[in-house]
Colleague: 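Just passing along the structure, written as structure tokens.
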Amino acid sequence: MYRTIFFHSTDSTNRVAFALAEQGAAHGTAVIAETQTQGRGRLGKQWTSPAGKGLYCSIVVRPNLSLHDFSRITFVAGLAVAEVIRHKYGLEAGLKWPNDIFFNMKKCGGILTESSGLSSALPDMFAVIGIGLNVNTCRNDFSDDIRDNATSLFLESGRNVVIKELFYSLREVLLEHLVGFESYGFKPVIEQWRKRDFLLGKELTWVAVNGKKVFGTSLGPDDDGLLHVRDAKGVVHEVLSGDIQLAKAGYK
Ligand code: BTN
């Protein structure tokens, strides 16, 4: 039985879960909130969290993985989210490298994985997998700046979803997938992930962490999870980090 800590409101479930993990919280411990006041996204972005409309949860994991594989946990989490959505609601989600859940050019969710990194010795390493999913969100619940580029499970399926049920299924499937990753490595993960690759063949802009921009076409992730982007001159860039923006109607 895994521990679950519920909040009506907290600043960020990732922050709370990370603090708990530093104090020794067990594998599978989760923090879930009805709303967050400072929900965090990748690259310092904010994750808006309207009360009762979305799933905002963070799961502490302590898998038996190499340091290198820790950085790939987000791919496992993305697959788990997509599988649960298909199984429970019959919807086929696309995955946008490296951490987004998409339907028809619109973002439905994102994953922020933060790990203890080199500060802990390998056996004590942990990661916090933060999942934000627009669940029962209506168009008017989205702020003006994202309304046209965001969607929710409700908008896609026409059905209201019990958020706690979704959370319990998701944790179960995610932890199962991590066991698979420990046993069989990254190859089967990335092979499954590619089947849902939302960016493949699309035009995009890669904004590197130093601000450099590259326009190109996505060739998909390689066997290590690096995204390959071919620019107009035919040069293939191997992308490890940074932001991927779609050329048209892009959701950042
Ligand atoms: C992204 O799209 O950049 C990732 C968004 C991740 C948001 C979730 S909501 C639950 C958890 N707590 C946070 O502060 N962030 C993650």
Side-chain angles (χ1 to χ4, degrees), residues 5-22 30-60 71 73-75 77-78 81 85 93-103 105-117 127-156 161 163 166-167 170 198-199 204-211 213 227 239-246 249-252:
I5 298 147
F6 295 95
F7 283 93
H8 167 62
S9 175
T10 186
D11 53 348
S12 155
T13 56
N14 259 39
R15 187 201 61 74
V16 176
F18 203 94
L20 288 170
E22 284 181 318
V31 178
I32 175 167
E34 278 175 45
T35 184
Q36 302 178 113
T37 53
Q38 290 174 59
R40 318 202 280 234
R42 249 183 102 236
L43 305 170
K45 291 179 192 170
Q46 197 195 350
W47 184 261
T48 44
S49 314
K53 299 284 178 173
L55 172 64
Y56 319 115
C57 70
S58 301
I59 302 168
V60 175
S71 63
I73 287 176
T74 292
F75 291 93
V81 172
I85 290 174
L95 297 172
K96 174 176 175 265
W97 188 94
N99 68 322
D100 288 340
I101 315 297
F102 260 68
F103 289 102
M105 300 294 280
K106 293 184 176 190
K107 180 161 169 170
C108 186
I111 296 161
L112 176 66
T113 305
E114 298 178 297
S115 66
S116 55
V128 168
I129 305 173
I131 300 166
L133 208 52
N134 303 326
V135 179
N136 294 323
T137 333
C138 304
R139 239 181 96 72
N140 288 341
D141 296 321
F142 292 118
S143 55
D144 292 346
D145 55 327
I146 62 168
R147 185 167 300 128
D148 290 339
N149 296 316
T151 189
S152 69
L153 297 182
F154 170 73
L155 290 171
E156 294 300 317
V161 166
I163 293 174
L166 173 61
F167 158 72
L170 192 49
F198 158 80
L199 284 178
L204 53 82
T205 305
W206 164 43
V207 185
V209 198
N210 63 8
K213 288 187 176 184
L227 183 68
V239 180
L240 172 63
S241 59
D243 204 14
I244 298 294
Q245 300 175 358
L246 290 162
Y251 191 118
K252 295 177 189 173

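Values in this document were obtained by computation on a predicted structure and should not be read as measured data. These values consider heavy atoms only, across backbone and side chains, with no hydrogens, waters or symmetry-generated copies.
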Colleague: What is the distance from atom CG of Asn210 to atom OG of Ser241, rounded to the nearest 0.5 Å?
Modeller: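 Nearest 0.5 Å value for the CG-OG distance: 9.0 Å.
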Colleague: Rounded to the nearest 0.5 Å, what's the gap from SG on Cys108 to CD1 on Ile85? Could you check?
Modeller: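 Spacing of SG (Cys108) from CD1 (Ile85) equals 5.5 Å.
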Colleague: Using side chain to side chain contact (heavy atoms under 4.5 Å, CB included), reason through Ile244 and Val207 one step at a time and then give a plain yes or no.
Modeller: CA-CA 6 Å; Ile244 298 294; Val207 185; over 6 Å; no
Colleague: Stepwise, does the salt bridge (Lys or Arg N to Asp or Glu O under 4.0 Å) test hold for Lys45 with Asp243?
Modeller: CA-CA 11 Å; Lys45 291 179 192 170; Asp243 204 14; 3.1 Å; yes
Colleague: Going from OG on Ser58 to CZ on Phe18, what distance comes out if it is rounded to the nearest 0.5 angstrom?
Modeller: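 It comes to 11.5 Å.
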Colleague: For the residue pair Thr37 and Thr10, establish whether any side-chain heavy-atom pair is separated by less than 4.5 Å.
Modeller: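 No, side chains not in contact.
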Colleague: Determine whether a donor-acceptor pair (N or O, by modelled atom type, separation under 3.5 Å) exists between the side chain of Thr35 and the backbone of Ala33.
Modeller: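 No.
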Colleague: Which one of Asp141, Leu153, Ile163, Leu155 satisfies the side-chain contact (heavy atoms from CB on, under 4.5 Å) criterion with Asn136?
Modeller: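 Between Asn136 and the candidates, side-chain contact (heavy atoms from CB on, under 4.5 Å) is satisfied uniquely by Ile163.
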Colleague: Should the pair Glu114-Arg40 be classified as a salt bridge under the 4.0 Å nitrogen-to-oxygen rule?
Modeller: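 Yes, charged N to carboxylate O under 4.0 Å.
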Colleague: Is any side-chain heavy atom of Ile59 less than 4.5 Å from a side-chain heavy atom of Val128?
Modeller: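 Sidechains of Val128 and Ile59: no contact.
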Colleague: With no hydrogens and no angle check, just 3.5 Å: does a side-chain donor-acceptor pair link Asn14 and Ser12?
Modeller: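 Per modelled atom types, Asn14 and Ser12 side chains form no pair under 3.5 Å.
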Colleague: Taking the side chain as every heavy atom from C-beta outward, state whether Phe198 and Trp97 have any pair of such atoms under 4.5 Å apart.
Modeller: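 No, side chains not in contact.
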Colleague: Just wondering, do Phe154 and Val135 contact through their side chains at under 4.5 Å, heavy atoms?
Modeller: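 A side-chain contact under 4.5 Å is absent here.
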Colleague: Is there a donor-acceptor pair closer than 3.5 Å between any side-chain N or O of Lys107 and the backbone N or O of Lys96?
Modeller: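 No; zero donor-acceptor contacts below 3.5 Å.
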Colleague: Mind checking the CD-OG spacing from Glu34 to Ser49? Nearest 0.5 Å is all I need.
Modeller: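 If I round to the nearest 0.5 Å, the distance is 12.0 Å.
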Colleague: When you look at CG of Leu43, are more than 12 heavy atoms from neighbouring residues, nucleotides or ligands closer to it than 6.0 Å?
Modeller: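 Atom CG in Leu43 is packed in, count exceeds 12.
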Colleague: Can you see whether Gln245 engages Thr205 through a side-chain donor-acceptor pair at a distance of less than 3.5 angstrom?
Modeller: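 Absent: no donor and acceptor within the cut-off.
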Colleague: Between Val60 and Ala17, what is the shortest heavy-atom contact and its length?
Modeller: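 The answer is CG2-O, 3.7 Å.
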Colleague: Ignoring hydrogens, what is the shortest heavy-atom contact between Gly78 and Leu95? Give both atom names and the distance.
Modeller: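 Shortest heavy-atom contact: O-CD2, 3.6 Å.
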Colleague: Checking Gln36 side chain against Thr13 main chain: does a donor-acceptor pair fall under 3.5 Å?
Modeller: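 Present.
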Colleague: What heavy-atom pair brings Leu55 and Ile32 nearest, and what distance separates the two atoms?
Modeller: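 Smallest heavy-atom distance, with atoms named: CD1-CD1, 3.7 Å.
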Colleague: Would you say Trp47's side chain and Gly109's backbone share a donor-acceptor pair under 3.5 angstrom?
Modeller: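 Answer holds: no.
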Colleague: Would you call Leu133 and Phe167 a side-chain contact if the rule is heavy atoms closer than 4.5 Å?
Modeller: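 Answer no - side chains too far apart.
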Colleague: Quick one: closest heavy-atom pair of Leu170 and Val81, and the distance?
Modeller: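 Heavy atoms only, the tightest pair is CD1-CA, 3.6 Å.
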Colleague: Could you point out which residue of Thr74, Thr113, Leu112 forms a side-chain contact (heavy atoms from CB on, under 4.5 Å) with Arg42?
Modeller: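 For Arg42, the side-chain contact (heavy atoms from CB on, under 4.5 Å) test succeeds with only one of Thr74, Thr113, Leu112, which is Leu112.
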Colleague: Which heavy atom in Val209 sits nearest to a heavy atom in Gly242, and how many Å separate them?
Modeller: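 So the minimum-distance heavy-atom pair works out to CG2-N, 4.0 Å.
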Colleague: Has Asn134 got a side-chain atom pairing as donor or acceptor with Ser152's backbone, closer than 3.5 angstrom?
Modeller: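 Checked: no pair found.
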Colleague: Checking Tyr56 side chain against Pro50 main chain: does a donor-acceptor pair fall under 3.5 Å?
Modeller: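 Between the backbone of Pro50 and the side chain of Tyr56 there is a qualifying donor-acceptor contact (under 3.5 Å).
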Colleague: Is the backbone N or O of Ile146 less than 3.5 Å from a side-chain atom of Asn149, with the two atoms forming a donor-acceptor pair by type?
Modeller: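 The answer is no, because no donor-acceptor pair under 3.5 Å joins these two groups.
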Colleague: With a 4.0 Å cut-off on N to O distance, would you call Arg139 and Asp148 a salt bridge?
Modeller: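 Result for this pair is yes, salt bridge flagged.
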Colleague: How about Ile111 and Ile129: do any of their side-chain heavy atoms sit closer than 4.5 Å?
Modeller: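 A side-chain contact exists here, since the closest heavy-atom pair is under 4.5 Å.
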Colleague: Could you check whether any side-chain heavy atom of Phe6 comes within less than 4.5 Å of a side-chain heavy atom of Val31, counting everything from C-beta outward?
Modeller: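 In short, these two side chains do not touch, never coming nearer than 4.5 Å.
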